[in-house]
Amino acid sequence: MTRTAVVTGASSGIGEATARRLAAEGYEVVAAARRRDRLDKLAAEVPAIRPATLDVTSDESVAALAGSLDRCDVLINNAGGAVGLEPVADGLVDDWRQMYEVNVLGSLRMTRALLPKLIESGDGVLLMLTSVAGLVSYEGGGGYCAAKHAQTSMTETLRLELCGEPVRIIEVAPGMVQTEEFSLTRFRGDAERAEKVYQGVPNPLTADDVADAIAWCVTRPAHVNIDRLVIRPRAQAAQHKVHRVS
Ligand code: 8X3
């Protein structure tokens with residue numbers, strides 16, 4: 001029996017790396033995201049990956065994906081991201097709404113839709129990709145930190161509510177990860193500002209580093225629940241303590 005893993009936000013970054021990694025671990029992976037062209041390329045490269053068009057902000061889209069699945073053993077709620085770095089005093093309601101809609105409500109929609117199948121599998125795993133922004137707050141992080149704190153809280157709540165059910169509830173909270181798009185989206189396409197975030201930092205984490213941690217959590221024996229795994233590059237001792245060279 002091949003186990004099925006659903007990964008949201010799988011068209012790039014941590015989601016794509018996780019889809020590849022879980023396929024290598026022997027899962028049939030449903031790589032779900034809005035950008036179908038990217039998913040098709042990924043699926044053409046990795047036979048165990050099935051592309052699925054998904055918009056986590058749409059009830060209909062989430063229901064269509066859930067309805068198309070025979071089974072679901074693993075759900076990786078990865079779709080998310082940050083928009084803007086304004087102080088709260090200048091926070092833009094539309095940015096905050098978008099961050100809530102994708103990170104928080106997107107995870108809620110996916111969780112509601114797939115939880116019955118995860119439980120039915122007899123050994124389900126629900127993994128929430130949060131962030132260190134879900135554990136600490138930082139200047140300019142207002143909306144993103146609030147959304148990630150909400151996801152962290154949702155994860156803790158789920159673990160309590162589902163105690164006794166055959167499903168593990170895991171949180172992976174990465175720190176500084178250099179991906180193609182995260183900072184670019186945060187800075188609304190300003191590549192120079194996005195690049196500065198990682199300037200002089202020796203080896204920020206890569207998407208593969210996080211996918212490796214996710215795969216480790218998911219592939220523990222069924223009775224082992226990794227409640228929360230915080231992963232940062234060695235150069236980042238804390239949110240405000242980053243070693244930079246040059
Ligand atoms: C990304 C990490 O520190 O930019 O989730 O919030 S941080």
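The figures that follow rest on heavy atoms only: side chains count, while hydrogens, waters and symmetry mates do not. What you see is a predicted model, and the numbers here were worked out from it, not measured in a lab. Counting convention: from 1, in listed order, for ligands and their atoms alike.
- Counting non-hydrogen atoms of other residues, nucleotides and ligands closer than 6.0 Å to CZ of Arg34 gives a total of 12 or fewer.
- Between Glu171 and Arg159, no side-chain nitrogen of the basic residue sits less than 4.0 Å from a carboxylate oxygen of the acidic one, so the salt-bridge criterion is not met.
- The option from Gly175, Ala133, Cys145, Gly140 that lies nearest to atom 2 (C) of ligand 1, judged by heavy atoms, is Gly175.
- A donor atom on one side chain and an acceptor atom on the other are not found under 3.5 Å apart for Thr206 and Gln178.
- Panel note: side chain Ser121, backbone Leu118; a donor-acceptor pair is recorded below 3.5 Å.
- Applying the 4.0 Å criterion to heavy atoms of Phe182 picks out, from ligand 1, the atoms 1 (C), 4 (O), 5 (O).
- Summary of contacts: the protein heavy atom closest to atom 6 (O) of ligand 1 is Tyr138 OH, 2.5 Å.
- At least one heavy atom of Gln239 sits under 4.0 Å from some atom of ligand 1.
- For an aromatic pair to be called close, the ring centres must be under 6.0 Å apart, and Phe182 with Tyr144 satisfies this.
- Distances between N or O atoms of Thr130 and those of ligand 1 include no value under 3.5 Å.
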Less than 3.5 Å apart, which donor and acceptor atoms pair up between the side chains of residues 79-94 and the rest of the protein, not counting sequence neighbours?
| from | atom 1 | to | atom 2 | distance (Å) |
| --- | --- | --- | --- | --- |
| Glu86 | OE1 | Arg188 | NH2 | 3.1 |
| Glu86 | OE2 | Arg188 | NH2 | 3.0 |
| Asp94 | OD1 | Arg97 | NH1 | 2.9 |

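- Close approach of ligand 1 to Ser131 is summarised as follows: ligand atoms under 4.0 Å from at least one heavy atom of the residue are 1 (C), 2 (C), 5 (O), 6 (O).
- By the criterion of a heavy-atom distance under 4.0 Å, the side chain of Arg186, and not its backbone, is placed next to ligand 1.
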